[in-house]
Structures are given as structure tokens and as C-alpha cells.
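A quick note: this is a predicted structure, and the numbers were derived from the prediction, not measured. Reckoned from all heavy atoms, side chains included, excluding hydrogens, waters and symmetry mates.
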Amino acid sequence: MFPFWHSLANSNVVAVAEAVQQEIKSLEKSLPPGVQIAKAYDESGLVVDAIANVRDSIAIGIVLIIIVLYVFLREWRSTVIAAITIPLSALAAFGVLSFVGQSLNLMSLGGLAVAIGLVIDDAIVVIENIDRQLQKDLNSTAAVATAMAELTEPVISSTITTVAVFLPLGLLSGVAGQFFTSLTTTLTAAVGFSLLLALTLTPLLAASWLRPQSNHSEPKLLVKLDNAYTRLLRVVFGKARWVGAIALSLLAVGAVLFTQLGSDFLPTFDEGSYIIDYLTPPGTSLTETDFLARQLEEIIGKTPEVTNWTRRTGAENGLFATQPNKGDIIVVLKPPGQRQRQVFDIIEAQRQDISQKLPQVDIDFHQILQDELNDLSGAASPVEVRIFGEEPGILRKLGEQVQARIDHIPGLVDLVSSGGVILPQLDMGVDSTQAGQLGLTASDVAQQVQDGLFGRVATQIRQGDKLVDVRVHLLDSVRRDPQQLDQIPIVATNGTTLPLSAVAKIKPATGEEAILRENQQRYISFNGGVEKRDLGSVVQDINQKLAGFKLPQGYILSVGGLIASQQQSFSQLLMVMGLGVLLVYLVLVIQFRDLLQPLVIFTTIPLALLGVVLSLWVTQTPLNVSSFMGIILLVGLVVKNGIILLEYTNRLRLEGHTVESALLEAGRVRLRPILMTTLCTILGLLPLALGLGAGAELQKPLAIAVIGGLSLSTIFTLIFVPVVFRIVSRFQR
């Protein structure tokens with residue numbers, strides 16, 4: 001079986017796989033007896049499963065959201081009016097994706113799954129306020145008009161803040177930028193269209209479907225919740241210092257927990273397949289390598305979760321001549337529902353089995369898509385330690401010492417050296433005097449030896465409509481036997497034939513497999529993977545192990561790999577978050593026409609980050625690009641609740657209320673929509689946070705970060721923001 005790789009750049013992997021399968025069916029009809037075509041690897045299966053999983057997460061989120069709406073609104077018409085925003089916003093997002101030329105993929109669907117809890121926020125705030133106005137015995141038209149007059153401005157500005165934090169994401173480069181473009185495009189389109197629906201369709205349907213509710217009675221639980229919140233606000237107004245002390249203490253706890261978080265570049269997930277790169281000792285013949293590879297296949301075949309595998313030996317990256325001691329095996333596993341172990345556990349079991357039975361074979365396990373992402377980021381391996389210098393012997397000695405220090409670090413696996421590897425070889429020294437007597441130069445002798453060993457094109461023959469080279473070389477029994485190499489015939493210019501030993505001497509020697517250079521500087525490297533630990537902590541352990549390692553003058557040691565891409569992405573994301581915060585602040589200044597009130601809302605952002613840190617720490621989720629994206633999204637979500645609360649507070653103050661009475665009334669009125677939007681967002685993200693199914697791990701850190709941060713930030717918005725606003729208002733009199 002021969003694996004055929006097809007480039008899928010700018011193409012649909014599912015469509016290509018289906019087309020290939022159809023073509024295979026056509027070819028099978030004309031194949032000779034006993035010949036079969038089988039797929040070695042098919043990425044489309046993972047893509048289809050992952051998309052189906054995200055689709056199911058969206059469906060579950062919608063059901064949970066509808067339940068929350070009905071529990072709070074207690075009216076099916078209002079529930080339907082709010083919920084209809086979800087499918088319409090999703091359709092608009094799909095339209096935008098099609099318009100900009102992006103496909104329906106795991107990340108675009110992930111963006112929609114994240115947006116499910118957000119697109120309904122504006123509709124919830126509007127319909128809840130309309131519902132409240134109808135309880136005042138206003139007719140439907142008057143209730144809608146009153147509600148929209150109160151909410152149009154804050155709803156627009158609160159949605160703009162969510163979109164504003166994503167605008168700087170266009171500055172992201174590298175894998176992070178490519179990876180989350182579809183997600184942010186879908187999310188922005190869905191949220192933007194939901195605002196349009198909340199300002200048009202929602203009030204239109206409310207005016208047509210809803211009726212005055214003067215006899216409406218509130219559920220006792222919600223009434224008790226309103227009263228309890230009002231009493232709590234009265235208490236904290238008199239304990240402002242205690243509130244501040246508690247907030248500072250929580251921030252200190254968050255800072256400590258942050259130091260305990262691991263860090264990674266991108267989330268890892270179970271692809272259902274992987275590659276084993278194997279390397280036998282230098283100088284191993286192709287026959288011996290094949291013998292060892294067959295033992296590898298026996299170990300793989302005994303793994304119950306494996307369905308099939310494909311091996312290549314001596315031609316690692318194609319059909320060109322490469323080292324005979326290299327090769328790879330593509331392993332395909334059963335679907336997740338048909339196996340008990342994840343791919344990481346299977347790999348670890350096989351790694352231990354291979355190290356015990358074939359200790360002379362170096363192996364490197366990696367999942368295919370994960371390896372492609374590593375290549376896109378410019379790092380061949382998650383961890384790479386390089387030693388730069390010019391003297392090969394010193395480099396090898398230093399390399400042995402470095403490898404001994406880092407070889408047993410927990411989580412660092414498949415450590416393989418590159419460069420500086422010594423291979424056995426045969427050196428041929430031509431006697432120029434003897435060769436000259438035959439009318440030959442040293443180059444002429446070398447060319448004849450090369451022709452005898454590797455062959456020389458003597459003629460061409462026609463096969464069908466093409467010409468095929470005919471290469472002539474010595475018998476394999478001669479050219480593959482080192483003892484007979486000195487008998488290779490050398491033809492002089494006068495036609496005399498002599499053995500090679502007459503003009504040259506062959507002696508055993510050693511040489512390097514490859515000489516690696518970067519910026520014209522020679523180096524050797526050690527590449528390894530990371531499993532069952534986060535990348536950041538493994539690299540930290542490596543740096544600690546090498547901290548006291550002394551290098552000779554002129555030699556440099558560096559630790560790189562994916563950690564460099566991670567640090568670059570984190571730096572860019574910090575810049576994006578900073579620009580997003582600035583844009584949000586400008587939006588709030590325009591909304592409140594004040595410089596201090598936006599800062600009151602911003603006080604909840606550090607406390608929201610505490611929720612992020614706490615949720616990541618509890619779930620043992622590393623800080624990576626996905627969870628960082630959740631933090632950026634959280635910045636826009638945190639201020640939405642503050643806008644709704646303070647905007648109504650300002651409205652009440654203009655009507656003659658004192659600061660304290662305005663805050664109490666605004667808190668009572670806005671408590672319900674704030675709780676509804678928060679619960680809908682959290683429940684919409686819950687299926688993603690559980691991370692069930694293929695590919696779910698990609699959005700899982702984002703969902704966990706948003707759920708943790710939004711949960712705590714909502715509590716702090718309802719308690720901390722009124723306290724700070726009350727203090728700040730004293731300086732605005």
C-alpha cells in the first residue's frame with residue numbers, strides 16, 4: 001500500500017475526500033485481480049465528526065437558553081420573540097462567511113457556538129423591558145415605544161463594545177491570526193445582526209403579539225431575589241471599605257493562582273490518528289531497518305484500538321533516496337465511541353512498549369494536524385534545544401551533557417538529536433601519480449566509481465508515449481559488499497582496465513550525517529514533544545536544568561520550539577486586548593458623556609480576570625491562545641451589564657432621584673435582564689466547556705474562560721459597581 005498525499009490548500013477537505021472516494025470506486029472496476037486501493041489517512045472524517053459535535057453543542061445551548069427565557073418571562077410569546085433571534089442571526093453569519101469566501105469549518109461553527117449565548121442578549125433586554133412596561137397596563141404600542149426609548153442607546157453601545165474588542169484582532173499574525181479569523185468573523189457577524197433584530201424585529205413582534213398584563217403576578221422566587229438584592233445593596237453601601245478590602249484580597253488570591261497556571265500554544269485534541277517517525281542507529285542497512293520496522297508493526301498490531309496503519313521505510317518524504325535508517329508509520333484508530341482510551345494514552349502505552357522491546361530505535365509520535373500546526377508556526381517540534389558553535393567535537397560533547405540533563409524531565413518525550421550524528425563511511429584516496437599514468441584525473445576516477453555504484457544512464461527505451469532511462473551499474477553483489485569495492489574496474493584512456501586498488505585506497509572512516517547551520521552558524525539540536533504536561537512548565541524545567549550549564553567561549557545555547565510562537569502570540573493578544581479596552585473606553589465615554597463613569601465599569605475587569613484564573617485553575621486548563629481569546633471576548637461582555645445598570649441609574653437621577661435611591665431602583669429593575677443574559681451566555685457556552693466529542697478541545701478553553709470570568713464579573717457588577725459609582729459621584733457634584 002502506498003500513501004498518496006494531496007495538498008488541500010484553498011480547498012474543501014470533505015469535498016475533496018468525497019471526490020477521491022468516488023474516483024476510487026471507478027478505478028476499482030478496472031483493477032487486476034488481487035489489487036486493492038485503501039485509504040491510509042482521511043482527514044475528512046475528523047472534520048465531519050468535529051462539525052457534527054459543534055452542531056450538537058449549538059442545539060443543546062439553544063434548548064437551555066429557551067428554558068431560561070421561559071423561567072424568567074413566564075410567557076411563551078415573549079420567549080419565542082426573544083429566541084427567534086438565534087436562528088436568524090446564525091443565518092446572517094453564514095451569509096457573511098459565504099460573502100467573504102470562508103468555508104463552514106470547525107472554527108467558524110465554533111464562533112457560532114460561542115455566539116449562541118450572546119446574540120440573544122439584546123433581544124432579552126428589550127423584551128424584558130417591554131414585558132415590564134406591559135405590566136403597567138400600557139397598550140402594546142405604548143409599551144414598546146417606552147421600552148425602546150429607554151434602551152435603544154444602551155443596547156447599541158453595549159453591542160458595539162462586544163464588537164470593538166474584536167476589531168484589533170485583524171492585527172494578529174501567524175497561526176493565531178489564521179486560526180481564529182473564521183471564529184471572530186462568525187461571532188462578529190452574528191452579534192452585529194442580533195443588534196439589528198433587537199431594534200427592529202423584536203419590538204415589531206412584541207407590538208403584534210403581546211398584550212397588557214395588569215393582572216400579571218411575579219413568581220415568588222424572583223420577588224424574593226429582588227428584595228434580597230436590594231437589602232444587600234443597602235448593606236454594602238454602608239460597608240464600602242469592607243467591599244474594597246474584599247476585592248483587593250480576591251485580586252491577591254487571583255495573582256497567586258495565576259502563577260500556578262500552566263501555559264500552552266494551542267489546545268491539543270484527539271485526532272484519531274498519528275504518525276510514528278522511527279530512526280534506527282546510524283549506518284543501519286535498509287534490510288535491518290525493515291526488520292526492526294516489522295517489529296514496530298507487531299507492537300502496533302497488538303493495540304486493540306488500531307484499525308490500520310501504513311509504513312514507509314527509506315523514503316520518509318517522498319520517493320527520493322534518503323537515509324535507509326529512517327521511516328514513518330501512519331496509524332489510524334477506531335472512532336472515539338468505539339474505544340476506551342484517548343490517543344494520548346494509546347501513544348504512551350506504545351512508547352513504553354517500544355522502548356522496552358526496541359531500545360535501539362528512536363521514535364517520535366505526533367498527531368498529523370498538530371504537526372501541521374507546528375510547521376505553520378515555524379517550529380518543527382514543541383521543544384527544541386540548540387547549541388551553536390563551530391567545532392564538531394565540542395558540539396557533540398556539549399550535546400551529550402545537555403541531553404543527560406534534560407532527558408528525564410517529566411512530560412518531555414521523544415527527545416531526538418539532529419546534527420552532529422556520526423555515521424560510518426568509506427573514504428577513497430586517489431593516488432594522483434598512478435591515475436595520471438593512466439591518463440585520468442582524481443575526478444575521472446571518482447566519476448567511474450560513482451557510475452559503478454549508483455549507475456549511469458546508457459540509453460533510453462520507449463514505453464508507450466514516453467522515454468524511460470536505462471541505468472547501468474555493477475552487480476549488487478559487488479557494489480553492496482565493502483570488501484569488493486577496491487575491485488571496481490577503472491578504465492584508462494588507452495582502454496586498459498585496472499582494479500580501483502591500483503589507483504586509490506579505501507579505508508573506513510566516520511563522518512557527520514548532516515551539518516546544520518542557521519545564519520551561517522553551525523549547531524546541533526534536540527527536538528522533543530510534550531505530553532500530559534503544559535508546554536510552559538516543561539520549558540521552565542528545561543531552563544532550570546540548564547541554568548548552571550557552562551559553555552565554552554563562542555558557544556551559545558538556546559531553548560525554542562513552540563514556546564517562541566506562544567510568546568509571540570501572547571504578546572500580540574495582549575496588544576489586541578489593550579487596543580480593545582481603549583476602543584471600549586471611547587465607546588463608553590461617548591455613551592455616558594463622562595470620563596469617570598466608564599472607569600467605574602472597568603473596575604470589574606480585573607475581578608472578571610479572577611474568575612478566568614479560578615476557572616482555568618479548577619479545571620486544570622492551561623492558558624493558551626484559545627483561553628486568551630476568551631479573555632478578550634470577556635472584556636466586551638463585562639461592560640455590557642455595567643452599561644445597562646448605570647445608564648438607567650443616570651436616567652433616574654435626571655428624574656430627581658438621589659444617587660443611592662437611583663442605584664437601588666436601577667439595581668432592582670435591571671437585576672432580571674442582567675441575570676437572564678448572563679445565564680443564557682453561560683448555558684450557551686456550557687456544551688463547549690464540557691469539551692465532549694471530536695475537536696471540542698479547541699473551543700473548550702475559550703468557553704471555560706468566559707464562563708468563569710462572566711460568572712464572577714456579574715456578581716461584582718451588581719455589587720461592586722454601585723458601590724464605586726456612589727463614591728465617584730461625590731466628586732462630580
**OP:** For the pair Leu69 and Cys680, evaluate side chain to side chain contact (heavy atoms under 4.5 Å, CB included) and give the outcome as yes or no after the intermediate values.
**Re:** CA-CA 8 Å; Leu69 290 175; Cys680 285; 4.3 Å; yes
Original post:
By salt bridge (charged side-chain N to carboxylate O under 4.0 Å, His left out), which residues pair with Arg651, not counting sequence neighbours?
Top reply: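 So Arg651 forms a salt bridge (charged side-chain N to carboxylate O under 4.0 Å, His left out) with Glu647.
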Subject >> By salt bridge (charged side-chain N to carboxylate O under 4.0 Å, His left out) - contacts of Arg231 (at least two apart) >> reply: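 Partners of Arg231 by the salt bridge (charged side-chain N to carboxylate O under 4.0 Å, His left out) criterion come out as none, since no residue qualifies.
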**OP:** Applying side-chain contact (heavy atoms from CB on, under 4.5 Å), name anything that partners Val618, two or more places apart in sequence or on another chain.
**Re:**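 Scan of Val618 (side-chain contact (heavy atoms from CB on, under 4.5 Å), adjacent residues dropped) gives Leu614.
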Original post:
Is Phe570 atom CZ crowded by more than 12 heavy atoms from other residues, nucleotides or ligands, each under 6.0 Å away?
Top reply: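 Result for CZ/Phe570: enclosed.
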Side chains of [X] and [Y]: donor-acceptor distance under 3.5 Å anywhere?
X: Thr604; Y: Ser713; answer: no
X: Asn624; Y: Ser627; answer: yes
X: Asp122; Y: Thr159; answer: yes

Original post:
Would a 4.5 Å heavy-atom cut-off, applied to side chains only, mark Leu664 and Glu660 as touching?
Top reply: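 Yes. Closest side-chain heavy atoms under 4.5 Å.
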Original post:
Are Ser263 and Pro622 side-chain neighbours, meaning at least one heavy-atom pair lies under 4.5 Å?
Top reply: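 They are not in side-chain contact.
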Separation between [atom1] of [X] and [atom2] of [Y], rounded to the nearest 0.5 Å:
X: Ile246; Y: Arg241; atom1: CD1; atom2: CZ; answer: 14.5 Å
X: Leu710; Y: Ser615; atom1: CG; atom2: OG; answer: 11.0 Å
X: Leu64; Y: Leu685; atom1: CG; atom2: CG; answer: 11.0 Å
X: Met148; Y: Asn129; atom1: CE; atom2: CG; answer: 9.0 Å
X: Leu210; Y: Ser78; atom1: CG; atom2: OG; answer: 4.5 Å

Considering all heavy atoms of both residues, which atom of [X] and which atom of [Y] are nearest to each other, and what is their separation?
X: Ala662; Y: Arg653; answer: CB-CG, 3.8 Å
X: Leu535; Y: Gln566; answer: CD2-NE2, 4.5 Å
X: Ile601; Y: Gly642; answer: CD1-C, 3.7 Å
X: Leu197; Y: Leu88; answer: CD1-CB, 3.6 Å
X: Val723; Y: Ile719; answer: CG2-O, 3.3 Å

Between [X] (side chain) and [Y] (backbone), is there a donor-acceptor pair under 3.5 Å?
X: Tyr585; Y: Leu595; answer: yes
X: Thr188; Y: Thr185; answer: no
X: Thr146; Y: Ala143; answer: no
X: Ser537; Y: Arg533; answer: no

Subject >> Over-ring placement of Arg668 relative to Tyr229, 6.0 Å and 45° cut-offs >> reply: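 The answer is no, since Arg668 fails at least one limit relative to Tyr229.
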**OP:** Check the pair Asn650, Phe592 against side chain to side chain contact (heavy atoms under 4.5 Å, CB included), reporting the backbone distance first and the verdict last.
**Re:** CA-CA 9 Å; Asn650 289 333; Phe592 291 108; 3.4 Å; yes
**OP:** Given salt bridge (Lys or Arg N to Asp or Glu O under 4.0 Å), test Arg132 with Glu150 step by step and report yes or no.
**Re:** CA-CA 12 Å; Arg132 187 167 57 84; Glu150 286 185 3; 3.4 Å; yes
